Amino acid sequence: MTKIALVGAGFVADYYMTTLANHPELGLAGVWDHDAPRLAEFCRFHDVRAYGSLDECLRDGETAIIVNLTTPESHFALNCAALNAGKHVYCEKPLGMTFEEAREVIELAERLGLTVCGAPANGLSDAQQIVAGLIADGRIGQPRLAYAEMEDGPVFKDNWTEWRSLSGAKWPGLHEFEVGCTLEHAGYGLSWLVSLFGAVEEGQAFSALTFPDKGPGAAGIAMAPDFAVGCLSFRSGVTARLTCGLAAPRDRSLTIVGEQGTIVVRDLWDDRSPVHLSRFDEKRPLLQRLAGRFERKRGRVLPLRLTHGRPVAYPAPARAGKLASFPSQIDFARGIAAMAADLANGQVPFFSGRRALHLTELALTLNEGAGHFRPRSDF
């Protein structure tokens, strides 16, 4: 069993606690948060140990991995502190608030012989493995183009001030508006794209603040961009467009177009998302042909399952386990479990090191709307 410690008991921490039950090979040594009432409430709800201080947490000799669930601005300092304490680190996105901070974290880990992995874990999902297999088997030929959507809907118009996690943590809406949806969410699309197509060679990035008024309590806060789009050229030859926003209707789909067909993933936040496959040399099923005629005649857009490709069956039924609650059907702890297994086997975790740095750089570049860019990181 690999012992881990959580630092940060906020909203996202409940997603990790919920899905930790899926991985008995992981043991939770304890939890720390600088907010004493929040820490007490979290530990009481989940019946877990609370550390008396951050120093006590980092000095715990039983703990191998520190899971950094603090606010993004705190990631760099805690990552460095944990590494200097001799711990491996699994960090929520991003690794740092600048490329220089993120690079320093990775270089420190390399000097100390330790490993830093970055979230999110949806790039390790069953759905991702299905799609990777379809591509490897040549089911759509050589991939050429991908559209990734990471639109979360106009949440600032919702009753977000009343949202609570399982243990009672408030959703940190104002802070998310200030940090920005791109740093918070672009990684869910980027992890898929990089896992399927490799490193980005160059790209174009644009971002904007389209809705400055985010509602109650938002006055006077410097808002980050709530819309970003990146056009990415991968070294493998694939071109992709990733859009990340906080206003357009919810859409977290991925479309991959190859020389012989198309793959559509319904929801990148669903570990077993419906996946649809269509080939250019196959006749579409009758229901889809009729649906297409209906759309053209009535001018209405029908659900994807009625209009695009055949659903791909998963090779095995869903394992008994828990997923994060709505809207994320993600096994958040899967990333930690994969990291622990690889470390135990002497292997390099997939979303670690220079690849984790590359993903952080891409998210930062999109958030900045940096125009034409060539990544400084590689793997």
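Along the sequence shown, the residues carry numbers beginning at 1. Since this is a predicted model, take the numbers as computed values, not measurements.
Under the 4.0 Å criterion applied to side-chain N and carboxylate O atoms, Asp33 and Arg38 are not assigned as salt-bridge partners. Classification of Asp60 and Lys3 as a salt-bridged pair fails, no side-chain N sitting under 4.0 Å from a carboxylate O. Comment: Asp152 engages Arg252 in a salt bridge, judged by a side-chain N to carboxylate O separation of less than 4.0 angstrom. Remark: Arg235 does not engage Glu202 in a salt bridge, criterion side-chain N to carboxylate O under 4.0 Å. Classification of Arg144 and Glu259 as a salt-bridged pair holds, one side-chain N sitting under 4.0 Å from a carboxylate O. One finds a salt bridge joining Arg59 and Asp55 here, because a Lys/Arg side-chain nitrogen approaches an Asp/Glu carboxylate oxygen to under 4.0 Å.
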Can you list the steps and then say if Trp160 with Phe177 is a ring pair (Phe, Tyr, Trp, His ring centres under 6.0 Å)? CA-CA 12 Å; Trp160 60 266; Phe177 301 152; 5.4 Å; yes
Apply salt bridge (charged side-chain N to carboxylate O under 4.0 Å, His left out) to residues Glu110 and Arg354 and explain how you reach the verdict. CA-CA 10 Å; Glu110 291 173 346; Arg354 298 285 164 166; 2.9 Å; yes
Going through the checks in order, is the side chain to side chain contact (heavy atoms under 4.5 Å, CB included) test met by Glu151 and Arg250? CA-CA 5 Å; Glu151 301 282 3; Arg250 182 178 291 126; 5.9 Å; no
Going through the checks in order, is the salt bridge (charged side-chain N to carboxylate O under 4.0 Å, His left out) test met by Arg164 and Asp14? CA-CA 10 Å; Arg164 299 290 186 274; Asp14 281 313; over 6 Å; no
Do Arg111 and Glu107 pass the side chain to side chain contact (heavy atoms under 4.5 Å, CB included) test, and can you show the C-alpha distance, the side-chain angles, and the key distance before you say yes or no? CA-CA 6 Å; Arg111 290 197 302 272; Glu107 290 177 348; 3.9 Å; yes
Would Ile140 and Thr262 count as a side chain to side chain contact (heavy atoms under 4.5 Å, CB included) here? Give the steps. CA-CA 6 Å; Ile140 61 169; Thr262 301; 5.6 Å; no
Go through it in stages, so that I can follow the logic: the residues are Phe206 and Leu366, the test is side chain to side chain contact (heavy atoms under 4.5 Å, CB included), and I'd like the CA-CA distance, side-chain angles, deciding distance and then a yes or no. CA-CA 6 Å; Phe206 173 83; Leu366 291 177; over 6 Å; no
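Looking at every heavy atom in both residues, Gly96 comes nearest to Phe76 through CA-CB, 4.4 Å. The two atoms that bring Val229 and Thr243 nearest to each other are CG2-OG1, 3.7 Å, heavy atoms only. Taking each heavy atom of Val7 and Cys57 in turn, the nearest pair found is CG2-SG, 3.9 Å. When all heavy atoms of Leu246 and Lys214 are compared, the pair lying nearest together is CD2-CE, 4.3 Å. Nearest heavy-atom pair, Cys43 versus Ala50, reported as atom, atom and distance to 0.1 Å: SG-CB, 3.6 Å. The minimum heavy-atom distance linking Ala186 with Leu242 is given by the pair O-CD2, 4.0 Å.
Interatomic distance, OH of Tyr314 versus CD of Gln129, reported as 9.5 Å (0.5 Å rounding). Between the OG atom of Ser167 and the CZ atom of Phe42 there is a distance of 5.5 Å, given to the nearest 0.5 Å. Here the straight-line distance linking atom CD1 of Ile4 with atom CD1 of Ile66 works out to 9.5 Å at 0.5 Å rounding. Distance check, rounded to the nearest 0.5 Å: CG of Leu69 to CH2 of Trp32 gives 14.5 Å. For the atom pair Leu362 CG and Leu190 CG, the distance stands at 5.5 Å (nearest 0.5 Å). Rounded to the nearest 0.5 angstrom, His23 NE2 and Thr2 OG1 are separated by 12.5 Å.
Applying the side chain to side chain contact (heavy atoms under 4.5 Å, CB included) test between Val116 and each of Leu108, Leu83, Leu357 identifies Leu83 as the sole match.
In summary, the side chains of Asp251 and Ser253 do present a donor paired with an acceptor at a separation below 3.5 Å, with no hydrogens or angles considered. Tyr16 and Glu92 share a donor-acceptor pair across their side chains, judged by distance under 3.5 Å alone. Side chains of Asn367 and Ser207: a donor-acceptor N/O pair is absent below 3.5 angstrom, by distance only.
Panel note: side chain Asp213, backbone Gly215; a donor-acceptor pair is recorded below 3.5 Å. At least one donor-acceptor pair under 3.5 Å links the side chain of Lys87 to the backbone N or O of Thr63. Listed for the His358 side chain is a donor-acceptor partner under 3.5 Å among the backbone atoms of Val200. Asn122 places a side-chain N or O within 3.5 Å of a backbone atom of Leu268 that can act as its donor or acceptor partner. Of the possible donor and acceptor atoms, one in the side chain of His75 sits under 3.5 Å from a partner among the backbone N and O of Pro94. Although no hydrogens or angles enter the test, the distance criterion places a donor-acceptor pair under 3.5 Å between the side chain of Asp271 and the main chain of Asp331. The closest donor-acceptor contact from the side chain of His88 to the backbone of Thr115 lies under 3.5 Å. A distance-only check finds no donor-acceptor pair linking the side chain of Glu361 to the backbone of Phe99 [under 3.5 Å]. Under a 3.5 Å cut-off, the side chain of Ser352 and the backbone N or O of Cys117 do not form any donor-acceptor pair. In this structure a side-chain-to-backbone donor-acceptor pair under 3.5 Å is missing from Thr70 to Gly8.
Residues Leu254 and Val264 are not in side-chain contact: their nearest non-hydrogen atoms beyond the backbone lie 4.5 Å or more apart. Within the 4.5 Å cutoff, the side chain of Glu62 has no heavy atoms near those of the Met1 side chain. Using a 4.5 Å heavy-atom threshold, the side chains of Met17 and Phe45 count as separate. The closest side-chain heavy-atom distance from Arg334 to Thr19 is not below 4.5 Å. Contact of the Val238 side chain with the Leu232 side chain is not registered, since no non-hydrogen atoms from C-beta on lie closer than 4.5 Å. Under the 4.5 Å side-chain criterion, counting only non-hydrogen atoms from C-beta, Ser125 is in contact with Trp192. Side-chain contact check for Leu277 versus Arg310: every heavy-atom pair is 4.5 Å or farther apart. When side chains are defined from C-beta on, Cys244 does not count as touching Phe227, because their heavy atoms never get closer than 4.5 Å.
Cluster annotation: Phe351 and Phe234 are assigned to the same hydrophobic cluster (Ile/Leu/Val/Met/Phe/Trp/Tyr, side-chain heavy-atom contacts under 4.5 Å, transitive). Hydrophobic clustering keeps Leu134 apart from Val257 (ILVMFWY residues linked when any side-chain heavy atoms are closer than 4.5 Å, directly or through intermediates).
Between Trp171 and Trp163, the ring planes lie tilted relative to each other; the angle falls in the 30° to 60° range. Note: Phe156 and Phe211 have tilted aromatic rings, judged against thresholds of 30 and 60 degrees for the angle between ring planes. Between Tyr15 and Phe11, the ring-plane angle classifies as perpendicular under the 30° and 60° cut-offs.
Not counting sequence neighbours, the partners of Phe350 by the side chain to side chain contact (heavy atoms under 4.5 Å, CB included) test are Ser195, Arg355.
Atom CG of Asp47 has 12 or fewer heavy atoms from other residues, nucleotides or ligands within 6.0 Å. By the 6.0 Å contact criterion, CZ on Arg139 is open, its count of non-hydrogen atoms from other residues, nucleotides or ligands being 12 or less.
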